[in-house]
Amino acid sequence: MVHLNYMGLSFKDRVYRTTKKIPRGRVATYGQIARLAGNPHAARAVGLFMKTNPHAPIVPCHRVVALNGALTGYSAKGGIKKKKEMLIREGVKFRGDRADLKVSRWKAR
DNA sequence: AAACTGACTTCTC
DNA sequence: GGAGAAGCCAGTT
C-alpha cells in the first residue's frame with residue numbers, strides 16, 4: 001500500500017487544503033497540487049475538484065493554472081478572462097494569456 | 001450501474 | 001526536443 005491518508009483526509013480534501021494555502025499573488029499548477037497531495041498523476045482529478053468544488057469561496061481555485069501558465073478553465077462567471085484579471089489584480093504577472101510562472105509560481109514545500 | 005469525459009501531467013520513444 | 005500513450009479521481013450521462 002499506499003501510504004496512509006494524511007490526517008484521515010481523502011485525496012480530495014488534501015487537494016482543497018493545499019489549494020487553500022496558496023498565498024495571494026501566487027499561482028500553483030494542477031500537477032503541483034496533485035503532487036503535494038500525494039498523487040503526481042492526479043492533476044486531472046484536481047481540475048475536476050476545482051470544477052465541482054464545494055468550497056468555492058474557501059478554495060481560491062482561480063489561483064490554479066496549467067503547467068504552462070495557461071488558464072484552462074474557470075467555472076465561476078466571467079470565465080477565463082475574469083480569472084486572469086483577478087490574478088493580475090493580486091499581483092500575478094502575465095505574459096500574454098499565460099501566467100508568468102517564473103515569477104508567480106507558488107513555491108511550497 | 002457501467003462507461004464516458006474532463007479545469008492535466010508525466011513518462012517513454 | 002517533439003509526439004504519443006498512460007495514469008489519476010470523480011462527476012455526468
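Just so we're on the same page: letters track the sequence lines, and every chain starts at 1.
C:dG4 and B:dA7: their C1' atoms are spaced 22 Å apart (whole Å). Separating the P atom of B:dC4 from that of C:dA6 is a span of 15 Å, rounded to the nearest Å.
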Item to check | Letter per nucleotide, 5' to 3', of nucleotides 8-13 of chain B [B base touched, S only sugar-phosphate touched, - untouched; heavy atoms, 4.0 Å] | outcome: BSS---
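In this structure, A:Tyr74 reaches the bases: a heavy-atom distance under 4.0 Å links it to at least one base atom across the strands shown.
In terms of phosphate contacts, A:Asn39 brings no side-chain nitrogen or oxygen within less than 4.0 Å of OP1 or OP2 of C:dG7.
Put simply, the side chain of A:His55 does not reach to within 4.5 Å of the side chain of A:Lys20, judged on heavy atoms.
Shown here are the side chain to side chain contact (heavy atoms under 4.5 Å, CB included) partners of A:Arg26, two or more places apart in sequence or in another chain: A:Ile22, A:Pro23, A:Trp106.
For the pair A:Leu48 CG and C:dT13 P, the interatomic distance rounds to 13 Å; values are reported in whole Å. The distance between atom NE2 of A:His55 and atom P of B:dA7, rounded to the nearest whole Å, is 21 Å. Rounded to an integer number of Å, the gap from CG of A:Asn53 to P of B:dA7 is 15 Å.
Across every non-hydrogen atom of A:Phe11 and A:Ala45, the tightest pair is CE2-CB, 4.3 Å.
Note that OG1 of A:Thr18 is 7.0 Å distant from CD1 of A:Ile33, once rounded to the nearest 0.5 Å. The OG atom of A:Ser104 lies 8.0 Å from the CZ atom of A:Phe94; values are rounded to the nearest 0.5 Å.
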Without placing hydrogens or testing angles, list every side-chain donor-acceptor pair under 3.5 Å for residues 66-78 of chain A, not counting sequence neighbours.
from: A:Asn68; atom 1: OD1; to: A:Ala70; atom 2: N; distance (Å): 3.3

